[in-house]
Amino acid sequence: MEVYIRHLEKVLRRYVQRLQWLLSGPVLCSRTWYRWSTDRGVMMTAAPGSRRLFGTVLESKVCILLDTSGSMGPYLQQVKTELVLLIWEQLRKRCDSFNLLSFAESLQLWQDTLVETTDAACHEAMQWVTHLQAEGSTSILQALLKAFSFHDLEGLYLLTDGKPDTSCSLVLNEVQRLREKRDVKVHTISLNCSDRAAAEFLRKLASFTGGRYHCPVGEDTLSRMCGLLTKGFINENDPTLPPFEGDDLRRLAQEITKARSFLWQAQSFRSQLQKKNDAEPKVTLS
């Protein structure tokens with residue numbers, strides 16, 4: 001039982017490290033101490049990162065589709081900042097080739113096709129990002145049609161704050177037609193999770209293509225998470241995780257909850273065994 005409990009505590013530490021990693025962003029606390037027992041802990045440091053907004057890039061040949069319609073105005077500066085982080089933190093380190101495409105009433109392409117991920121290419125992409133402006137409507141379908149034409153494309157990362165300016169069912173049907181010829185995953189990122197219709201469309205689009213739906217955690221939730229993670233997840237009366245919208249965080253939170261219940265059960269069994277052992281009469285040899 002002691003060995004089982006130690007392994008569960010190790011699993012929970014790894015889960016929390018993964019949670020911290022996925023939540024890493026400029027507003028998350030920079031130093032947090034997790035106390036797992038009276039003599040065991042782990043120090044974590046969260047550096048600013050792109051995963052909080054964009055999630056994790058999985059494929060090696062990708063295109064980032066960025067909504068620059070008028071409604072994106074309040075978010076655009078932050079998105080541009082974190083897109084630059086994404087270029088250097090994930091695309092440069094993990095991808096063989098990439099491209100960037102912004103869409104509003106019309107499309108703006110950084111390059112006409114996927115290009116090799118080099119330092120020079122990343123510097124050029126970063127400069128292109130700084131000139132993006134928000135105006136016009138949301139032509140998601142046009143952006144998807146163009147991106148699917150890129151040779152060797154494996155994954156699309158679509159960031160938007162709303163629904164397309166065309167029928168949602170039309171977009172899904174067109175993507176189904178495109179995927180009959182190209183096995184490309186579409187990962188979706190919602191900047192406006194309170195718009196349930198838009199969030200449901202993006203969730204369907206991701207699920208339909210084998211991709212993942214991501215919804216960045218808000219700053220208020222991040223601040224609460226900082227204190228929550230500090231308290232740890234070992235004791236039964238420790239606080240629970242908030243509900244997450246995005247696929248990665250939601251599944252990880254489910255695994256943490258399951259591991260916590262197993263740990264509490266094991267601790268209860270250990271306590272019962274200890275009480276039983278203490279109650280048994282001691283046998284002394286004469």
Side-chain angles (χ1 to χ4, degrees), residues 1-25 27-49 51-53 55-56 58 190 193-194 196 199-200 203 206-207 210-286:
M1 188 62 70
E2 291 288 353
V3 171
Y4 179 62
I5 288 173
R6 286 199 300 270
H7 280 294
L8 277 176
E9 289 179 342
K10 182 179 179 180
V11 167
L12 273 169
R13 286 198 299 271
R14 294 295 298 272
Y15 279 160
V16 172
Q17 290 173 13
R18 179 69 176 180
L19 184 62
Q20 174 94 6
W21 185 75
L22 288 172
L23 288 170
S24 64
V27 298
L28 189 62
C29 55
S30 60
R31 298 181 71 82
T32 304
W33 178 259
Y34 302 105
R35 179 62 66 180
W36 298 105
S37 66
T38 57
D39 61 353
R40 188 183 300 117
V42 57
M43 181 72 81
M44 294 290 295
T45 300
R51 291 176 297 275
R52 185 178 71 88
L53 180 60
T56 306
L58 302 175
S190 173
C193 299
S194 61
R196 304 314 302 174
E200 185 61 25
R203 196 185 298 276
S207 176
R212 296 180 303 175
Y213 170 74
H214 182 70
C215 184
V217 176
E219 294 187 9
D220 290 342
T221 301
L222 278 175
S223 298
R224 292 196 303 270
M225 286 293 298
C226 179
L228 189 153
L229 292 175
T230 304
K231 297 176 182 178
F233 294 98
I234 294 299
N235 298 319
E236 189 168 0
N237 59 352
D238 284 336
T240 59
L241 289 168
F244 294 114
E245 290 279 346
D247 292 341
D248 283 353
L249 291 172
R250 188 181 70 254
R251 291 169 186 168
L252 184 57
Q254 290 170 350
E255 289 300 310
I256 289 175
T257 300
K258 186 188 301 182
R260 290 177 73 184
S261 68
F262 290 161
L263 180 61
W264 299 335
Q265 189 177 51
Q267 289 171 336
S268 174
F269 289 159
R270 179 179 62 182
S271 176
Q272 293 176 40
L273 288 170
Q274 289 172 338
K275 289 179 181 179
K276 180 180 178 181
N277 291 337
D278 293 342
E280 290 179 352
K282 298 294 186 295
V283 177
T284 58
L285 298 176
S286 57

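- Among all heavy-atom pairs drawn from Glu245 and Arg196, the shortest one is OE2-NH1, 3.1 Å.
- At a threshold of 4.5 Å between non-hydrogen side-chain atoms, the residues Phe269 and Gln272 count as touching.
- Rounding to the nearest 0.5 angstrom, the gap separating the CG atom in Leu8 from the CZ atom in Arg260 is 13.0 Å.
- Atom OG of Ser207 and atom OH of Tyr213 lie 12.5 Å apart (nearest 0.5 Å).
- Atom CZ of Arg250 is separated from atom CG of Leu252 by 11.5 Å, given to the nearest 0.5 angstrom.
- One finds the CD1 atom of Ile256 at 13.0 Å from the CZ atom of Arg14 (value rounded to the nearest 0.5 Å).
- The structure places CH2 of Trp264 at 9.5 Å from CD of Gln267, a figure rounded to the nearest 0.5 Å.
- Scanning for side-chain contact (heavy atoms from CB on, under 4.5 Å) contacts around Leu58 gives Thr56, Tyr157, His187, Arg212, with sequence neighbours left out.
- With respect to the salt-bridge test (charged N to carboxylate O, under 4.0 angstrom), the residues Asp278 and Lys275 do not qualify.
- Residues Gln265 and Ser261 have side chains that never bring a donor and an acceptor to within less than 3.5 angstrom of each other.
- Side-chain contact check for Lys10 versus Arg6: every heavy-atom pair is 4.5 Å or farther apart.
- Applying the side-chain contact (heavy atoms from CB on, under 4.5 Å) test to Ala253 and every residue at least two apart in sequence or in another chain returns Leu241, Phe244.
- Atom NZ of Lys258 sits about 12.5 Å away from atom CG of Leu12, to the nearest 0.5 Å.
- Summarising the geometry of Ser190 relative to Pro216, their closest heavy-atom pair is O-CD, 3.1 Å, with the distance given to 0.1 Å.
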